[in-house]
Protein chains: 2
Amino acid sequence: MRAAIALADKEGLEALTMRKLAQGLGVEAMSLYHHVSNKEAILNEMVDWIFGEFRLPTTEEPWKETLRARAISAHDVLVSHPWAIHVIETRRDPGPLTLQHHEAVLACLRHGGFSVPLTAHAYALLDSHIYGFVMQEMTLPFRTYEEVEELAEHILAQMPEELFPSFTELTREYILKPGYAYANEFAFGLDLILDGLERAKESEQMT
Amino acid sequence: MRAAIALADKEGLEALTMRKLAQGLGVEAMSLYHHVSNKEAILNEMVDWIFGEFRLPTTEEPWKETLRARAISAHDVLVSHPWAIHVIETRRDPGPLTLQHHEAVLACLRHGGFSVPLTAHAYALLDSHIYGFVMQEMTLPFRTYEEVEELAEHILAQMPEELFPSFTELTREYILKPGYAYANEFAFGLDLILDGLERAKESEQMT
DNA sequence: ACCTGAACACCGTTCAAGT
DNA sequence: ACCTGAACACCGTTCAAGT
């Protein structure tokens with residue numbers, strides 16, 4: 001398990017083959033099948049491990065703060081294991097740590113005063129933001145600010161400005177400004193969503 | 001191109017191999033390399049085609065309405081081509097239809113009165129919701145209401161209720177109610193986000 | 001109980017050879 | 001210009017055979 005995560009972290013998901021995993025463990029590929037039923041099972045366990053890394057929200061703290069912290073933690077975990085979002089996307093049966101995590105988020109919302117339907121809405125929305133944001137972040141063709149700059153210049157140079165005025169404007173006046181980092185956009189959306197959920201809860205409680 | 005999309009639609013992304021694609025075209029796999037440089041190029045074109053299917057927002061209509069319609073259209077397109085979200089996630093260079101689509105969304109926000117930074121925030125947020133939601137929707141282990149019911153009963157039966165009180169409550173009081181469909185959650189989040197963006201724009205204009 | 005070598009049914013892709 | 005057969009370097013997985 002640890003070997004599989006380390007291998008995917010270091011060499012990418014496509015390098016995680018049964019042969020290479022076995023090699024890292026000093027064994028032949030076929031031996032792995034004595035400890036795990038197939039590769040799917042390994043991927044399932046990897047996803048469950050990821051959920052175990054997310055900070056659990058509590059029912060003691062205010063819902064907004066604790067869910068904000070868990071969202072940021074989830075974002076950070078997913079970004080530091082770039083294979084995770086892809087693998088999560090293909091899993092269909094949640095492991096024990098995953099269930100435990102879901103339970104903690106749901107309990108937090110219910111204790112925070114959300115009705116059952118609003119809890120369902122809120123959970124779907126919060127996780128859409130986390131997964132969708134990380135997905136976009138991972139597909140960006142750059143990671144460092146230097147790469148952003150280089151790529152943006154390259155794009156600007158070959159993009160007809162008349163056809164893409166808003167695009168070039170955004171690149172020039174926002175992306176190429178010092179201090180730009182896509183990851184900073186995460187908190188904006190998160191806070192907008194949390195504020196919106198608070199408002200929805202309050203208007204629900206008035207009726 | 002059309003053959004590749006049809007094959008992925010009908011038999012799934014894992015069935016889209018060069019050999020099967022060629023077979024459907026009545027030709028050998030190796031012949032494809034005369035018309036396309038490699039499989040990556042095919043996947044790039046498929047993603048660009050997907051973006052071409054999204055309804056383009058306009059600058060004539062009010063931003064909120066036209067962006068709402070484009071989000072719903074994008075959701076519907078992605079759900080009806082289940083391979084799309086996975087392939088988008090691994091693409092790194094946008095095609096012409098993709099760029100055109102981005103330009104239209106950015107122009108719509110700018111015409112709607114959003115500043116350049118707020119336009120960047122808004123776009124990241126809207127697309128996070130679309131991608132993240134679809135991603136979750138695709139990984140659900142059910143599609144029809146009957147399957148929901150069956151699975152929920154199965155889960156309830158083997159889940160220790162003391163350990164997962166909120167989970168069982170949600171399943172019993174929300175998911176198992178007639179008329180439940182996960183896809184319905186999409187509009188809730190979308191409207192919450194659009195309202196939040198409107199509010200953010202107004203408070204920006206006051207300063 | 002654990003490991004292994006050979007094999008099977010696949011991949012994407014290259015390349016020399018055909019028309 | 002377009003297509004093809006054989007081949008290469010890989011996959012996940014099965015299975016009989018070893019210790």
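In what follows, chains are A, B, ... by sequence order, proteins preceding strands, each numbered from 1.
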Could you spell out the base pairing of DNA chain D in dot-bracket, with Watson-Crick or G-U pairs whose two distances are under 3.5 Å, [ ] crossing and | to another strand?
||.|||||...|||||.||

With heavy-atom distances below 4.5 Å as the criterion, would you say the side chains of [X] and [Y] are in contact?
X	Y	value
A:Arg172	A:Glu161	yes
A:Thr90	A:Leu43	no
A:Phe54	A:Leu97	no
A:Met18	A:Tyr33	yes

Contact residues, residues 30-43 of chain B to DNA chain C [heavy atom, < 4.0 Å]:
B:Met30, B:Tyr33, B:Asn38, B:Lys39

Give the residues of residues 15-25 of chain A touching DNA chain C, defined as any heavy atom closer than 4.0 Å, sorted by residue number.
A:Arg19

When the ring centroid of B:His102 is compared with that of A:Phe164, is the distance short of 6.0 Å?
no

With a 4.0 Å cut-off, would you call A:Glu14 and A:Lys20 a salt bridge?
no

For A:His81, does the NE2 atom sit with more than 12 other heavy atoms under 6.0 Å from it, leaving out its own atoms?
yes

Whether over 12 other heavy atoms sit under 6.0 Å from A:Arg91 CZ:
yes

Return the set of residues passing salt bridge (charged side-chain N to carboxylate O under 4.0 Å, His left out) with B:Glu53 (not counting sequence neighbours), or none when no residue passes.
none

Under 3.5 Å, is there a donor on one side chain and an acceptor on the other for B:Glu137 and B:His75?
yes

Test item: side-chain donor near acceptor, B:Thr58 and B:Glu61, under 3.5 Å
yes

Those residues at least two apart in sequence (or on a different chain) that pass ring-ring contact (aromatic ring centres under 6.0 Å, His included) with B:Tyr145 are none

If you walk 5' to 3' along DNA chain D, what is the first nucleotide with an atom under 4.0 Å of a heavy atom in chain A, and what is the last?
D:dC11 to D:dT14

